[in-house]
Participant: 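One structure is given below, represented as structure tokens, and several questions about it will come after.
Quick note: numbers below take in every heavy atom, side chains included, and nothing from hydrogens, waters or symmetry partners.
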2 protein chains.
Amino acid sequence: MATIEDVAKLAGLSRTTVSRVINDQPYVTEEKKQRILQAMDELGYVPNSSARRLRSQRTDTIAVLLPRITNPFFANLIESMEKKASQWGYQVIVCQTHDSEKKELDYLQLLKTKQVDGVVMTSLCNDWEVIEPYLESGPIVLCNEYMEEMAVPMVHMDHRKAAYESTIHLIDQGCKNISYVSGGSDTYLAEERKTGFLKALEERALPFLEAASVDWAIHVEDGRKVFNHIKDHHPIIDGVFTGSDEVAAGVVYEAVQAGWNVPDDLAVVGFDNQMLSLLMFPSVTTIDQPVAKMADRTIEVLVRQLMNPRANKARRYIYSHKLLVRNSTLKKQLVTNL
Amino acid sequence: MATIEDVAKLAGLSRTTVSRVINDQPYVTEEKKQRILQAMDELGYVPNSSARRLRSQRTDTIAVLLPRITNPFFANLIESMEKKASQWGYQVIVCQTHDSEKKELDYLQLLKTKQVDGVVMTSLCNDWEVIEPYLESGPIVLCNEYMEEMAVPMVHMDHRKAAYESTIHLIDQGCKNISYVSGGSDTYLAEERKTGFLKALEERALPFLEAASVDWAIHVEDGRKVFNHIKDHHPIIDGVFTGSDEVAAGVVYEAVQAGWNVPDDLAVVGFDNQMLSLLMFPSVTTIDQPVAKMADRTIEVLVRQLMNPRANKARRYIYSHKLLVRNSTLKKQLVTNL
DNA sequence: TCGCCACATCTTCAATGGTAGCCATTCATA
DNA sequence: TATGAATGGCTACCATTGAAGATGTGGCGA
């Protein structure tokens, strides 16, 4: 493996001059530049990334923390972030926390060990008080997940409004007994959704059926269990609010298997407009988030912070949802495909 | 940010002794070790990763190259690889090539810049001749994708056999005119699938309907287009072999929308046993790969190579598939759910 | 014409944070 | 007596770049 020393010797110049050519810095004549480029080519020279990072104190790398890439919402979010980061000359590394407080802190350690320049957090496992000290080692931006406190930039959708609207939709479709199905996370985002849900119930003078609600549903399989739980213990339930399309898909699938009519016996709403929600039969009513826009903004905000560390502007970037009404909630009407 | 120098001073020892404690090396008394650990704690010292990598010439990091994480097959593969790599003290970085030759080479550059110790390639965009020189910079293991030439370790399923069996299944279900739907990739794996498909046709004396076959189907949307193409131009087609559940889902969805009876009018097989294939109506017959096993083996093989660079053992680890028969192919029988 | 200053172009030196290798001393064992 | 292990320190190095220094040239003013 050739080093910059080898290139300098072959070109008959100093290492610093070679470095200037590599980094496109001024004060090197064109003739010497060509000599250096040729020497690099002959030797197959490639800069050593560790050396550059150590000396320059920069990695040009961003870590994105998320729960699971097997959740298509996060897979799509990463997809867009990578594209945007690459445009700014940054590399993205994907860190799956699997909703573990420990893992989240392990990954935040990347800031301390100087393996990344900044971090995007798409979920929050630890309390903010635990995370905040890491800001000393580099900037953090929240995307998707958010909190009341304005400590760092946050890019997200209004989850309260989204939950409110999809619950109103369920109620408008005639649902009177609605189950609230969540993943049990006690984050602010989860609270917001529930607040929106409860607000809709309150406005329409419907009771919150806490006993029929579930706080352990994350995967499709969980959704199937949710349905069976409702069928066996709360058969009066005629509507289900879920926090993800995966769970909604599980509920719908199991209900259909059990011979229930969806949505007449049970209406279901999901979240995130995953491909699954369209392809199911019946197709699932869901909330669409502007994933690409949020991803782009997130990277932009973080990179600006890296370029200008003094401009520590903590602010919110709030995006609107879209309710996609499909067959899992449309009752007593001619079933048409949307 | 404290350095090892600061810790050494506070502990009243040399940097080397501190380093020995950090790296769990011998020849440091327990008393001195405690002094060092305490000093590290007081100073909040964290080793600088770039410095360690530069000096030790190791990153303890593995790059996994894959086409898209939005494809659940690869998302699940990564999930398992990360778990396994972590057990061996390695970090995984995810590199999406999006089937681009250029991106693939860009990521292989990580070997040359010393940003990763080894690479797992789950697909092949470039010819092997282009990739082989990178072996000088670090080991490469193929997982999922494979080639005839035994140049590096390869961990994969027998795609020929899998394609053969699912095609025979289509034929056994009465299909006489089968469309071969692929993504157009000209890799060995793609060839193997086609070979298995053609072998099944040949054994059952059925013609290969090249004009009705498609080589541009990757996403769900493509699958929908495939169906419309068949409906409009090749209505005699009564069976579709696809290389992925996403494509199969698109075909099935569009066929049902068009009022076709699946599988009586058109039987469809997918690949990879994505959740989608179970939740569709009708559920999609598919091929299941032992994803976790292949992932584990891949990491193990690569890590062993990193630990013992001389043991450059290029060999194949071949895994069997499982055909999951579901409703998209079961004809003329009582429709029961599997 | 000469001296001074600014700029251009390069080189030299040192720094980044950590660790690999070698050395010195002492003690125990064959 | 010779050798190896234990316990630590010192030195140099890993590959690159940031900062300072050296040198030459051109322009301007006295």
Participant: For the residue pair B:Asn76 / B:Ser80, report whether a side-chain donor-acceptor contact shorter than 3.5 Å exists.
Facilitator: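 No, because no side-chain N or O of B:Ser80 sits under 3.5 Å from a partner of the opposite role on B:Asn76.
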
Participant: Establish, from distance only, whether the side-chain atoms of A:Asn23 and A:Arg52 form a donor-acceptor pair under 3.5 Å.
Facilitator: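 There is such a pair (donor and acceptor under 3.5 Å, judged by atom type) between the side chains of A:Asn23 and A:Arg52.
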
Participant: Please work out which residues in residues 6-23 of chain A have a non-hydrogen atom less than 4.0 Å from an atom of DNA chain D and list them by number.
Facilitator: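 Per residue number, the list reads A:Arg15, A:Thr16, A:Ser19, A:Asn23.
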
Participant: Can you list, by residue number, the residues of residues 26-42 of chain B that have a non-hydrogen atom closer than 4.0 angstrom to DNA chain D?
Facilitator: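 Heavy-atom cutoff 4.0 Å gives B:Tyr27, B:Val28, B:Thr29, B:Lys32.
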
Participant: What nucleic acid atoms does A:Gln57 come within less than 4.0 Å of, heavy atoms only: base, sugar-phosphate, or nothing?
Facilitator: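 Counting heavy atoms under 4.0 Å across all strands, the contact made by A:Gln57 is with sugar-phosphate only.
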
Participant: Sub-3.5 Å donor-acceptor pair from the side chain of B:Glu145 to the main-chain atoms of B:Leu142, do we have one?
Facilitator: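 Absent.
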
Participant: Kindly indicate whether the side chain of A:Arg55 and the base of C:dA15 share any N or O donor-acceptor pair separated by less than 3.5 Å?
Facilitator: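 Yes.
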
Participant: Please name the residue in the list A:Val303, A:Val64, A:Ile299, A:Thr298 that meets the side-chain contact (heavy atoms from CB on, under 4.5 Å) test with A:Val141.
Facilitator: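 It is A:Thr298; the other options fail the test.
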
Participant: Does a side chain donor of either A:Thr17 or A:Ser14 reach within less than 3.5 Å of an acceptor in the other side chain?
Facilitator: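 A pair is found: one side chain offers a donor N or O, the other an acceptor, under 3.5 Å apart.
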
Participant: Tell me the interatomic distance from B:Leu54, atom CG, to D:dA12, atom P, rounded to whole angstroms.
Facilitator: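 In whole Å, D:dA12 P lies 18 Å from B:Leu54 CG.
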
Participant: Whole-Å distance between D:dA15 C1' and A:Arg53 CZ?
Facilitator: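 Between C1' of D:dA15 and CZ of A:Arg53: 14 Å.
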
Participant: So B:Tyr146 and B:His159, would you call those rings parallel, tilted or perpendicular, with 30° and 60° as cut-offs?
Facilitator: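 Judged by the thresholds at 30° and 60°, the geometry between B:Tyr146 and B:His159 is tilted.
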
Participant: Applying side-chain contact (heavy atoms from CB on, under 4.5 Å) between A:Tyr90 and each of A:Thr59, A:Leu302, A:Asp60, report the one that passes.
Facilitator: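 So the option named by the test is A:Asp60.
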
Participant: What is the separation between atom CD1 on A:Ile4 and atom C1' on C:dA15, rounded to the nearest whole Å?
Facilitator: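 Answer to the nearest Å: 15 Å.
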
Participant: Expressed as a whole number of angstroms, how long is the span from A:Arg52:CZ to D:dT16:P?
Facilitator: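 These atoms are roughly 8 Å apart.
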
Participant: Do the side-chain N and O atoms of B:Thr113 and B:Gln115 include a donor-acceptor pair separated by under 3.5 angstrom?
Facilitator: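 Yes.
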
Participant: Round to a whole Å and report the spacing from CD of B:Glu5 to P of C:dG17.
Facilitator: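 Computing the B:Glu5:CD to C:dG17:P distance gives 10 Å.
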
Participant: Nearest whole angstrom, please: distance from the C1' of D:dA19 to the CD of A:Gln25.
Facilitator: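 In whole Å, D:dA19 C1' and A:Gln25 CD are 12 Å from each other.
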
Participant: Does B:Lys293 make a cation-pi contact with B:Tyr319, if we ask for NZ or CZ under 6.0 Å from the ring centre and within 45° of the axis?
Facilitator: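 Not satisfied by the 6.0 Å and 45° rule.
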
